[in-house]
Structures are given as structure tokens and as C-alpha cells.
Amino acid sequence: MLQLKVIREDKKRIINGLRKRGWQAAQLKVIERIIETDDRRRSTQKLLDDLLAENKVLSKEIGQLMGQGKKAEADALKARVAAIKDQSRQLEEQFADIKKQLDDLLYTVPNCPHKSVPKGKTADDNKVAKAWTKPFPSLPADALPHWELAKKYNLFDFELGVKLTGAGFPVYRGKGAKLQRALIQFFLDEAIKAGFEEVIPPLLVNEDTARGTGQLPDKEAQMYTCERDNLYLIPTAEVPVTNILRDEILPEKSLPVKLTAYTPCFRREAGAWGAHVRGLNRVHQFDKIEIVQVEHPDRSYQTLQQMVRHVSKLMQKLELPYRILLLCGGDMGFASAKTFDFEVWSGAQQRWLEVSSVSNFETFQSNRMQLRFRDAEGKIQLAHTLNGSALALARVVAALLENNQTPEGIRIPKALWKYTGFKVIS
RNA sequence: GGAUGGGUGGGUGAGUGGCUGAAACCAACGGUUUGCUAAACCGUCGUACGGGUAACUCUGUACCGCGGGUUCGAAUCCCGCCCCAUCCGCCA
């Protein structure tokens with residue numbers, strides 16, 4: 001969530017930012033409400049603190065009087081303390097109430113877009129940051145979409161997944177499974193080469209962790225839950241990996257923290273089913289390699305660019321036609337200040353598929369998570385968090401299969417040969 | 001799942017009702033000494049939210065797993081919850 005201090009001191013910038021997300025005057029009123037509520041919180045706290053301070057002093061006096069055997073005088077003070085207590089109880093309730101109101105309001109405000117983020121409402125307003133200028137792969141007229149290719153070459157099986165679990169849980173098999181594993185290994189190796197430390201986190205997380213990265217309360221419906229144990233299946237490795245640093249105060253010299261993890265991701269995608277979701281285009285369980293960085297605020301936008309370059313390199317090595325979009329305010333995620341999406345061209349479907357999203361969250365996550373560092377002057381500041389998919393598998397596989405189909409079989413890009421052990425699927 | 005023992009600052013760990021935001025030690029940081037390193041010595045060394053200030057200093061409150069209760073006063077006593085460790089059972 002946004003920092004109160006920033007909302008108060010930088011109100012204009014925040015309001016302008018929210019306008020870029022398409023916020024109207026009526027919605028923007030929440031900013032004033034937040035400031036008013038915070039004013040009430042402060043004045044209530046002052047009253048309460050003063051009362052408690054008096055209480056403390058009197059209590060000490062009573063103790064001394066009792067020690068000296070001056071019982072009558074002590075009793076007189078006790079009466080005053082009792083009155084204070086009544087009052088402070090009331091104030092405490094008020095204070096808790098105001099604080100809750102304030103938090104509830106803060107939870108409704110998304111991150112303020114960076115100044116370079118274009119204004120816009122929907123995906124149509126996104127800017128192409130890097131277009132694909134080379135020709136698309138030329139496929140035969142009877143080119144098959146990946147779900148047909150999967151049947152033809154026995155690579156994965158949706159019906160079987162339905163039998164075992166339900167729709168959206170594919171079973172990969174044979175060379176399809178091997179390809180999956182090869183990609184995971186390839187992506188991890190590339191991340192490690194780029195200086196990320198690999199971690200293998202739990203796939204189930206507790207409530208605090210889900211709250212830390214903002215899945216709770218914003219995206220609760222997106223997650224699968226284990227109610228009995230009060231745990232959540234992770235929708236992305238971002239959740240456990242970023243939370244590794246929750247409630248930490250890092251020394252400045254340890255920045256940036258660079259972590260990577262391969263995990264399956266579980267998403268309910270409730271209500272998201274419609275056109276264009278056949279095959280691997282949208283599934284409930286998919287594999288993803290995530291890269292996470294915790295960075296000094298002064299350097300986080302350089303770091304964002306560096307992460308974009310890393311993902312670009314992956315695309316190039318896999319010989320996939322891709323483009324990079326700079327998301328407009330209205331299409332950005334709730335927590336993000338700036339996001340680049342990567343899309344690969346899916347030859348047989350003749351459409352772009354989103355395979356990566358690289359974002360700078362600035363202090364939006366770290367504020368909620370209390371992820372801080374001690375700067376050169378010894379002051380404690382919130383760190384910036386960034387993350388990106390590098391890469392999400394299912395759709396990459398879809399594009400790979402479709403784009404590389406030939407009459408002789410499906411060509412595997414050279415970069416993967418040493419991982420797959422085969423050059424063609426036939 | 002059953003039994004027992006625990007949760008205190010970055011770590012170890014003392015603390016049973018007021019003198020405790022918390023001893024001591026370790027780690028860390030700064031300094032003295034030193035040719036360098038080490039050792040020794042000195043010093044600093046929790047967080048959050050307020051008030052005040054031009055600013056540093058100053059100042060109030062809260063926090064000893066979480067929530068509630070008793071009391072003039074709670075890290076300390078009582079109740080509920082959560083978590084952890086060990087043993088047994090089960091098991092990859």
C-alpha cells in the first residue's frame with residue numbers, strides 16, 4: 001500500500017498518477033478521506049498518549065505512597081486513575097476504529113504509476129516499447145494450433161488432466177514433459193548466470209505471507225486455499241520469495257538482493273474463461289521461473305531495465321518473435337508502479353501471447369511487508385521491490401510448438417538441445 | 001494424532017508485580033593502540049506511531065508470540081489462541 005507520508009506530502013503527484021489509471025473525481029475523493037482520517041488518528045493518539053502518560057505518573061506515586069504507608073492519599077489518587085482509565089478505554093476503542101478505517105481506505109488505493117507510464121484505460125492503450133520488426137515465421141496454410149500438435153505428437157493431454165483434477169490441469173508426457181523440464185532448467189541456468197541466487201520455496205504459504213505481497217486482501221479469489229490449515233497455494237513464486245525479506249532491515253551494501261525460483265503456480269482464474277483460452281493459453285497450474293530483486297530506490301528503474309534485458313535475451317535465445325509493451329495506467333496491476341509485458345507470437349493462432357510481466361513496485365509491497373534497509377546515514381528506508389517472469393512456461397511452449405512446426409516435425413531451438421537431448425519432435 | 005517443554009532485542013540468555021525498553025555475553029558499527037592483521041581497551045548499538053524544532057538534540061505512547069482479563073501498576077499473575085522444539089505413533 002501507499003505510504004501515508006507520501007500521500008500527505010505528495011498529494012498532487014499521487015492524484016495525477018491515479019488519473020492515469022483512469023480514476024475519476026469521485027474516486028479520487030478517497031485521498032481526502034484518507035488524510036482526514038489520518039488527522040483524526042493523530043489527534044486521537046495525542047489525547048490517548050497524554051492520558052496514558054498521566055496514568056503512568058500517578059501509578060508510580062501511588063506505589064510510593066503505599067510504600068510510605070500513606071493509604072488515604074493513595075486512595076485519593078486511585079480515584080483519579082480510575083477516571084482516566086474509563087476515558088482511555090474509550091479513546092483506545094476509538095483509536096482502533098479509526099485505524100481500521102484508515103487501513104481499509106489505504107487498501108483500496110493502487111500504486112501510483114511512474115511518470116513515464118502512459119495514461120490509458122485498457123490494453124489497447126498500452127505502448128509498444130519494442131516492436132517485432134523481422135518477419136514472422138512462415139508456416140504452412142494447414143499449420144496446427146498447439147493443442148492439435150500436442151495430440152499429434154503425444155506431448156500433453158488435457159482430457160487426462162480433467163480425469164485427475166479438472167479443466168486447466170494438463171498432463172505433460174513423453175517429449176512434452178521433457179521439453180517442460182528442459183525449459184525450466186534453461187531458464188534457471190540463465191537466471192543464475194545473471195547473478196540471481198536460486199531458492200526453492202514452499203508452494204503453500206500462510207496468511208501473513210499472502211498479505212505481504214498484496215494477494216490478500218486484493219486477490220484472494222485468485223488463490224486456491226487449504227482452509228483446514230489456513231494456507232494458500234502460491235499463484236506465483238513472487239509471494240514466498242519476496243516474503244523471505246519481510247520484516248527485515250537490510251544493510252545498504254547487501255542491495256540489490258537478487259533471487260530466482262522455479263515453482264509451479266496455481267491460479268483459480270475465476271471468471272476469466274472466455275474466448276482465446278484454449279489449450280495452454282490459460283491453465284490453472286503452470287510452471288514459472290521468477291526473478292525478484294530488492295533494490296535501493298535510487299537504482300530501481302535501472303534495475304527494471306536490466307531485468308527487461310534479461311527477459312529479452314531469453315526470447316532471443318529461444319528464437320521467439322516477441323514484443324515488449326509498456327503498460328498504460330489502466331492496464332497495470334494494482335501494486336505496480338511500472339510494468340513491461342512480454343508477448344510472443346503464436347504462429348498458428350495468429351496472435352500475441354503474454355509470457356512475462358516485469359514490474360517495479362517501488363515501496364508499495366515493501367511498505368506492507370516492512371522490508372527496509374539502513375542507508376548511508378543510518379536512516380531506515382523502505383526498499384524497492386521488483387519482479388518478473390523469466391519465464392512462464394505454458395504459453396512459451398505453445399508458441400514454440402506452433403512456430404517451429406515443419407512437415408518433418410517440431411524443431412527445437414538450439415539453446416535447448418543440451419537440455420532436451422533431442423533436436424526435433426517427430 | 002498423543003505426551004512434555006518452550007516462545008524476551010541481530011544471536012545466546014537473565015529477569016516473578018513498581019528501581020526494566022529490558023542485565024550480561026556474543027555479533028555488528030565507530031574510535032584508541034598497531035608497520036598490517038589479530039588481540040586489548042573505550043564508545044555506540046530495538047522498532048513503530050505521535051508531539052515539538054529551522055535543524056541536530058529534545059519529548060510522549062505502544063510493543064518481551066497474538067488477543068483478552070486481574071491490578072493504582074504486568075515481560076512477570078489468570079484465561080483463550082497461534083507457533084516452535086523434543087519424544088512416541090504414522091510415513092516419503
Side-chain angles (χ1 to χ4, degrees), chain A residues 1-9 34-107 200 202-212 216 225-232 240 243-255 257 294 363 365-383:
Chain A
M1 61 181 129
L2 287 174
Q3 291 170 265
L4 260 175
K5 208 177 73 186
V6 174
I7 293 179
R8 295 191 77 110
E9 288 170 10
I34 284 171
I35 292 174
E36 283 162 24
T37 310
D38 188 44
D39 286 340
R40 278 197 292 144
R41 183 193 118 249
R42 288 183 186 198
S43 57
T44 309
Q45 179 175 346
K46 180 86 178 89
L47 287 176
L48 180 60
D49 281 0
D50 288 348
L51 270 181
L52 291 173
E54 192 185 347
N55 193 0
K56 226 175 173 176
V57 171
L58 292 180
S59 291
K60 267 190 190 144
E61 280 177 34
I62 291 171
Q64 281 166 3
L65 291 171
M66 300 279 268
Q68 296 161 11
K70 299 177 180 167
K71 192 155 180 313
E73 286 170 54
D75 284 345
L77 286 183
K78 277 190 194 180
R80 170 64 188 147
V81 167
I84 288 175
K85 202 169 177 182
D86 263 5
Q87 236 182 323
S88 66
R89 280 239 164 107
Q90 273 182 26
L91 276 172
E92 251 165 40
E93 268 173 44
Q94 267 181 43
F95 185 73
D97 196 55
I98 292 169
K99 191 131 189 313
K100 171 140 196 328
Q101 284 174 30
L102 185 57
D103 283 343
D104 288 347
L105 289 173
L106 281 170
Y107 278 135
I200 302 181
L203 306 183
L204 284 95
V205 295
N206 60 30
E207 220 179 301
D208 286 344
T209 301
R211 196 181 316 280
L216 292 178
T225 57
C226 304
E227 275 175 40
R228 208 174 153 163
D229 297 292
N230 206 11
L231 296 172
Y232 300 84
N243 271 282
I244 287 175
L245 298 157
R246 168 158 50 91
D247 288 324
E248 295 282 340
I249 300 173
L250 303 164
E252 181 172 342
K253 61 176 185 244
S254 71
L255 300 178
V257 179
V294 178
T363 59
Q365 289 182 328
S366 58
N367 185 34
R368 195 177 298 190
M369 239 188 283
Q370 289 303 296
L371 195 182
R372 295 157 294 169
F373 71 98
R374 201 178 292 278
D375 68 18
E377 280 113 58
K379 285 205 175 137
I380 290 169
Q381 291 189 44
L382 292 173

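Here is the naming used below: chain letters follow the sequence lines, and residue numbers restart at 1 for every chain. Keep in mind that this is a model prediction, so the values were computed, not measured.
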K.L.:
Between rU71(B) and rG65(B), how far is it from one P atom to the other, in whole Å?
P.N.:
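Here rU71(B) and rG65(B) have their P atoms 23 Å from each other.
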K.L.:
Reckon R41(A) has a side-chain N or O less than 4.0 Å from the OP1 or OP2 of rG50(B)?
P.N.:
yes
K.L.:
Taking the P atom of each, how far is rG30(B) from rU8(B), in whole Å?
P.N.:
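Those two atoms are separated by 29 Å.
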K.L.:
V294(A) and L371(A): which non-hydrogen atoms are nearest, and at how many Å?
P.N.:
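Smallest interatomic distance, heavy atoms only, reads CG1-CD2, 3.7 Å.
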K.L.:
Is any side-chain heavy atom of I35(A) less than 4.5 Å from a side-chain heavy atom of I7(A)?
P.N.:
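Result yes, sub-4.5 Å side-chain heavy-atom pair found.
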K.L.:
Determine the interatomic distance between P on rG5(B) and the same-named atom on rG60(B); round to the nearest Å.
P.N.:
42 Å
K.L.:
Taking atom C1' in both rG7(B) and rG13(B), compute the distance separating them and give it to the nearest angstrom.
P.N.:
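Rounded to whole Å, the distance is 13 Å.
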K.L.:
Does either side chain, that of R246(A) or that of T209(A), offer a donor lying less than 3.5 Å from an acceptor on the other one?
P.N.:
yes
K.L.:
Across the strands shown, which category fits K78(A) at heavy-atom distances under 4.0 angstrom: base, sugar-phosphate, nothing?
P.N.:
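Contact class for K78(A): base.
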K.L.:
Rounded to the nearest angstrom, tell me the gap between atom NZ in K60(A) and atom C1' in rC19(B).
P.N.:
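Interatomic distance, NZ of K60(A) to C1' of rC19(B): 9 Å.
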K.L.:
Could you check how far CG of L382(A) sits from C1' of rA48(B), rounded to whole Å?
P.N.:
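After rounding, the reported distance stands at 12 Å.
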K.L.:
Return the 5'-most residue of the pair M66(A), A53(A) with respect to RNA chain B, ranking by each residue's nearest nucleotide.
P.N.:
A53(A)
K.L.:
Atom CD1 of I249(A) to atom C1' of rA48(B): distance rounded to whole Å?
P.N.:
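Checked: the CD1 to C1' distance equals 10 Å.
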K.L.:
Using the ring pair (Phe, Tyr, Trp, His ring centres under 6.0 Å) criterion, which residues pair with Y232(A)? Sequence neighbours excluded.
P.N.:
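For Y232(A) there are no ring pair (Phe, Tyr, Trp, His ring centres under 6.0 Å) partners, ignoring immediate neighbours.
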K.L.:
Establish, from distance only, whether the side-chain atoms of N367(A) and Q3(A) form a donor-acceptor pair under 3.5 Å.
P.N.:
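No, Q3(A) and N367(A) have no side-chain donor paired with an acceptor closer than 3.5 Å.
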K.L.:
Between D39(A) and R8(A), does at least one N-O distance fall below 4.0 Å, as a salt bridge requires?
P.N.:
yes
K.L.:
Can you tell me how far P of rC19(B) sits from CD of E61(A), to the nearest Å?
P.N.:
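Checked: the CD to P distance equals 15 Å.
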K.L.:
Find out whether K46(A) and R42(A) are in side-chain contact, i.e. whether some heavy atom of one side chain is under 4.5 Å from a heavy atom of the other.
P.N.:
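The answer is no; the side chains never approach within 4.5 Å.
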K.L.:
Which value, in whole Å, describes the distance between the P atoms of nucleotides rA22(B) and rG10(B)?
P.N.:
15 Å
K.L.:
Select one nucleotide: of rG60(B), rC72(B), rU61(B), the one nearest the side-chain heavy atoms of Q45(A).
P.N.:
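Closest of the options to the side chain of Q45(A): rG60(B).
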K.L.:
For rC83(B) and rG31(B), measure between their C1' atoms and round to the nearest Å.
P.N.:
43 Å
K.L.:
Where the side chain of I380(A) is concerned, which of rU47(B), rG51(B), rG60(B) is the nearest nucleotide?
P.N.:
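Looking only at side-chain atoms, I380(A) lies closest to rU47(B).
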K.L.:
Using a cut-off of strictly less than 4.0 Å, decide whether K56(A) has a side-chain nitrogen or oxygen near OP1 or OP2 of rA62(B).
P.N.:
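Checking K56(A) against rA62(B): at least one side-chain N or O falls below 4.0 Å of OP1 or OP2.
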K.L.:
Please convert RNA chain B into dot-bracket. A pair counts if it is Watson-Crick or G-U wobble with both distances under 3.5 Å; crossing pairs go in [ ] and bases paired with another strand get |.
P.N.:
(((((((..(((.....[.....))).(((((.......))))).((((((......)))))).(((((..]....))))))))))))....
K.L.:
Of all the nucleotides listed (rG73(B), rU47(B), rG50(B)), which has the minimum atom distance to the side chain of R374(A)?
P.N.:
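Closest nucleotide among those given: rU47(B).
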K.L.:
Please evaluate residues Q90(A) and D86(A) with respect to the criterion side chain to side chain donor-acceptor pair (under 3.5 Å), reporting the C-alpha separation (whole Å), side-chain torsions for both, the decisive distance (0.1 Å), and the verdict.
P.N.:
CA-CA 7 Å; Q90(A) 273 182 26; D86(A) 263 5; over 6 Å; no
K.L.:
Return the residues of residues 80-105 of chain A meeting this criterion: a heavy atom under 4.0 Å from some atom of RNA chain B. Order them by number, or give none.
P.N.:
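Heavy-atom contacts with RNA chain B come from V81(A), K85(A), R89(A).
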K.L.:
Pick the nucleotide of RNA chain B nearest each of N55(A) and D38(A); which residue has the one closer to the 5' end?
P.N.:
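Its nearest nucleotide being more 5', the pick is D38(A).
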K.L.:
What is the distance, to the nearest angstrom, from the CG atom on D49(A) to the P atom on rU61(B)?
P.N.:
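Value for this atom pair: 7 Å.
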K.L.:
Could you tell me how far rG68(B) sits from rA75(B) if I compare only their P atoms? Round to whole Å.
P.N.:
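Looking at atom P only, rA75(B) and rG68(B) are 14 Å apart.
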K.L.:
Taking the side chain of R372(A) as its heavy atoms from C-beta onward, which of rC72(B), rA62(B), rA48(B) lies nearest to it?
P.N.:
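The listed nucleotide nearest to R372(A)'s side chain is rA48(B).
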K.L.:
Between rC72(B) atom C1' and L52(A) atom CG, what is the distance in whole Å?
P.N.:
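The distance from CG of L52(A) to C1' of rC72(B) comes to 14 Å, rounded to the nearest Å.
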K.L.:
Under 4.5 Å between any side-chain heavy atoms of L4(A) and R41(A), yes or no?
P.N.:
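With C-beta onward as the side chain, the pair touches.
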K.L.:
Within the 3.5 Å criterion, strictly below it, is a donor on R40(A) or Q101(A) matched to an acceptor on the partner's side chain?
P.N.:
yes
K.L.:
Could you state the atom-to-atom distance from CD of Q370(A) to C1' of rU47(B) in whole Å?
P.N.:
9 Å
K.L.:
Could you tell me how far apart L77(A) (CG) and rC72(B) (P) are, to the nearest whole angstrom?
P.N.:
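It is 13 Å, rounded to the nearest whole Å.
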K.L.:
Rounding to the closest angstrom, what is the interatomic distance between rU61(B) and rG21(B) at atom P?
P.N.:
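Going atom to atom, P in each nucleotide, I get 10 Å.
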K.L.:
Considering all heavy atoms of both residues, which atom of S88(A) and which atom of L48(A) are nearest to each other, and what is their separation?
P.N.:
O-CD1, 3.7 Å
